[in-house]
Amino acid sequence: MSQRVAIVTDSTACLPQEFAARLGVTVVPLKVQIGERSLDEDRVTPGAVAAALREKARVATSQPPPSAFFGAYRQAVAAGAGAIVSIHLSGELSGTCDSARLAAEQVEVPVRVIDSRLVGMGLGYAVRTAAEAARAGAGLDDVVAAAKRRCRVTTGYFYVDTLEYLRCGGRIGAAQAFLGSALAIKPLLHLVDGRIQPLEKVRTATRAICRLEEIVVEQAGDRPVDLAVHHLAAPERAAALAARLRARIPAVGEAYVAEVGAVIGAHVGPGLLAVVLAPR
């Protein structure tokens, strides 16, 4: 059997469809429930989630069942894969990796499941690195190592208009400490080992976004980096931030601007502005 390594991820990687198709990445969708309707994430727009949240409708998310991953893995094997690398959002935020591991036990070829400890294009850049290594003919161990290296150096910083959506979804983590003054501040948060952690408290949205920009510029330094600016229902603000970062960071490779998917959006709410910094 061919030892071609197939790459699988989940929909929180925010990968453009054309990229996933070009490098042969299989994307397994998480689930979104709005009211009584439960749909795969790829059938729910971020705008629909933002509108539901504004209307105070019930919005919930859930991981894919093991059967969804088993089907993806079997399709990869049928297409000639001799091994599979399955890379997913932080296990601190979702049970998606657990579902993937259960499915991996039932597949006849080696399946390595990686908890990226990231989400959004933080996960997406690790998937891209793995897919490019696999496409270049790297073996299973080398593909895994390349993905893990990119995960280790990648960071994510974000601003939310309110902590309420993170609190309701149970993903607030140590940022719980900000809740007592939530009405008086605009929180900056970041991911630390897969967990949402408080970063700084700022008094206004304008100052928070300026501070977010400063932090990213400081962290990027002179290193070659890729970056992604994510938002939910804030396209102008995201485009403006991305333009400023391109101008201020001397060694930017790819600078990607995209709205987050429905699953991430359900937990952060309208007004999100996030930056993923992924050194090359």
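Bear in mind the structure is a predicted one, so any value in this text is a computation, not a measurement.
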J.: What closest approach, in Å, do Pro110 and Leu140 show between heavy atoms, and which atom pair accounts for it?
T.: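 So the minimum-distance heavy-atom pair works out to CB-CD2, 3.8 Å.
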J.: Applying the 4.5 Å side-chain criterion to the ILVMFWY set and letting contacts propagate, would Leu232 and Tyr256 be lumped into a single cluster?
T.: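 Cluster IDs for Leu232 and Tyr256 match.
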J.: Calculate, to the nearest 0.5 Å, the distance between atoms CZ and CG belonging to Arg58 and Leu53 respectively.
T.: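 Here the interatomic distance stands at 12.5 Å.
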J.: Can Val192 be reached from Leu123 by stepping across I, L, V, M, F, W or Y side chains whose heavy atoms are under 4.5 Å apart?
T.: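 No, Leu123 does not connect to Val192 through the hydrophobic network.
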J.: Do the side chains of Gln219 and His190 get nearer than 4.5 Å, heavy atoms only?
T.: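 His190 vs Gln219: side chains apart.
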J.: Do Ser90 side-chain atoms and Gly194 backbone N/O form a donor-acceptor pair below 3.5 Å?
T.: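 Side chain of Ser90 to backbone of Gly194: a pair is present.
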J.: Apply side chain to side chain contact (heavy atoms under 4.5 Å, CB included) to residues Val25 and Val8 and explain how you reach the verdict.
T.: CA-CA 6 Å; Val25 175; Val8 176; over 6 Å; no
J.: Looking only at atom types and distance, does a side-chain atom of Gln33 sit under 3.5 Å from a main-chain N or O of Gly35, one as donor and one as acceptor?
T.: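 Yes; at least one donor-acceptor contact below 3.5 Å.
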J.: Do Tyr157 and Leu199 have side chains that approach each other closer than 4.5 Å (heavy atoms only, starting at C-beta)?
T.: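 With C-beta onward as the side chain, the pair touches.
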J.: Same hydrophobic cluster for Leu245 and Ile215, using side-chain heavy-atom links shorter than 4.5 Å among ILVMFWY?
T.: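 Same cluster.
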J.: Please find the pair of heavy atoms, one from Asp222 and one from Ala251, that lie closest to each other, and give the distance.
T.: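 That would be O-CB, 3.8 Å.
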J.: Nearest heavy-atom pair of Val32 and Ala262: which atoms, and what distance?
T.: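 Looking at all heavy atoms of both residues, the shortest contact is CG2-CB, 3.9 Å.
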J.: Could you list all the side chain to side chain donor-acceptor pair (under 3.5 Å) pairs where at least one residue sits in residues 117-132, not counting sequence neighbours?
T.: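 Checked against side chain to side chain donor-acceptor pair (under 3.5 Å) - neighbours excluded - the pairs reaching residues 117-132 are Glu92-Arg117, Asp115-Arg117, Arg117-Asp193, Tyr125-Glu254, Arg128-Glu132, Arg128-Glu254, Thr129-Arg150.
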J.: Return the CD to CD1 distance between Glu55 and Ile34, rounded to the nearest 0.5 Å.
T.: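 Atom-to-atom, Glu55:CD and Ile34:CD1 are 9.5 Å apart.
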J.: Heavy-atom distance under 4.5 Å between the side chains of Tyr159 and Arg237, does that happen here?
T.: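 Tyr159 vs Arg237: side chains touch.
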J.: Donor-acceptor pair, distance only, cut-off 3.5 Å: does the side chain of His230 make one with the backbone of Met121?
T.: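 It does hold such a pair.
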J.: We want to know whether Glu41 and Ser11 form a side-chain donor-acceptor pair, criterion being a heavy-atom distance below 3.5 angstrom.
T.: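 Result is yes, a qualifying pair exists.
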J.: What distance do Asp10 atom CG and Thr26 atom OG1 have between them, rounded to the nearest 0.5 Å?
T.: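 Going from the CG atom of Asp10 to the OG1 atom of Thr26 covers 12.5 Å.
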J.: Within the side chain of Ser94, is there an N or O that forms a donor-acceptor pair under 3.5 Å with the backbone of Gln63?
T.: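 No: the side chain of Ser94 does not pair with the backbone of Gln63.
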J.: State, yes or no, whether a side-chain contact exists between Val77 and Ile84 at a heavy-atom distance under 4.5 Å.
T.: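 In short, these two side chains touch, coming nearer than 4.5 Å.
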J.: Quick check: is Val153 connected to Val225 through a chain of hydrophobic side chains (ILVMFWY, heavy atoms under 4.5 Å apart)?
T.: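 Looking at the clustering, Val153 is in a separate group from Val225.
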J.: Between Arg135 and Leu23, is there a side-chain heavy-atom distance shorter than 4.5 Å?
T.: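 In short, these two side chains touch, coming nearer than 4.5 Å.
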J.: Going by side chain to side chain donor-acceptor pair (under 3.5 Å), name the residues that satisfy it together with Arg280, two or more places apart in sequence or in a different chain.
T.: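 By the side chain to side chain donor-acceptor pair (under 3.5 Å) rule, Arg280 matches Asp226.
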J.: Salt-bridged, Lys186 to Glu200, with N to O below 4.0 Å?
T.: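 Salt bridge absent between Lys186 and Glu200.
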J.: Rounded to the nearest 0.5 Å, what's the gap from CG on Leu212 to CG on Leu189? Could you check?
T.: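 The CG atom of Leu212 sits 10.5 Å away from the CG atom of Leu189.
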J.: Of the non-hydrogen atoms in Ala233 and Glu259, which two are nearest, and what is the gap between them?
T.: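 Heavy-atom minimum between the residues: N-OE2, 2.9 Å.
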J.: Kindly determine whether Arg248 and Glu213 satisfy salt bridge (Lys or Arg N to Asp or Glu O under 4.0 Å), including the steps that lead there.
T.: CA-CA 9 Å; Arg248 296 187 63 188; Glu213 178 182 336; 2.9 Å; yes
J.: Does any pair with a residue in residues 55-106 pass ring-ring contact (aromatic ring centres under 6.0 Å, His included), and if so which ones, sequence neighbours excluded?
T.: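 Matches after skipping sequence neighbours: Phe69-His88.
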J.: Quick check: do Ile196 and Leu93 have side-chain heavy atoms less than 4.5 Å from each other?
T.: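 Answer yes - side chains close enough.
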J.: Looking at every heavy atom in both Ala147 and Ile87, which two are closest together, and how far apart are they?
T.: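 Scanning both residues, the minimum pair turns out to be CB-CD1, 3.9 Å.
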J.: Are Leu89 and Leu118 close enough that some pair of their side-chain heavy atoms sits under 4.5 Å apart?
T.: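 Contact flag for Leu89/Leu118 side chains = no.
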J.: Looking only at heavy atoms, what is the nearest atom pair of Leu15 and Thr9, with distance?
T.: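 Residues Leu15 and Thr9, closest heavy atoms: CD1-CG2, 4.0 Å.
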J.: Measuring only between side-chain heavy atoms, which start at C-beta, is Leu188 closer than 4.5 Å to Pro198?
T.: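 With C-beta onward as the side chain, the pair stays apart.
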J.: Could you go step by step and tell me if Glu218 and Arg211 meet the salt bridge (Lys or Arg N to Asp or Glu O under 4.0 Å) rule?
T.: CA-CA 11 Å; Glu218 290 166 9; Arg211 184 61 187 137; 3.6 Å; yes
J.: Can you tell me how far OG of Ser86 sits from CD1 of Ile7, rounded to the nearest 0.5 angstrom?
T.: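 Rounded to the nearest 0.5 Å, the CD1-OG separation comes out at 9.0 Å.
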J.: So does Asp40 pair up with Arg43, basic N to acidic O under 4.0 Å?
T.: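 No salt bridge links Asp40 with Arg43.
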J.: Say whether Val216 and Leu273 are linked into one hydrophobic cluster, either directly or through other cluster members, by side-chain heavy-atom distances under 4.5 angstrom.
T.: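 Both belong to a single hydrophobic cluster.
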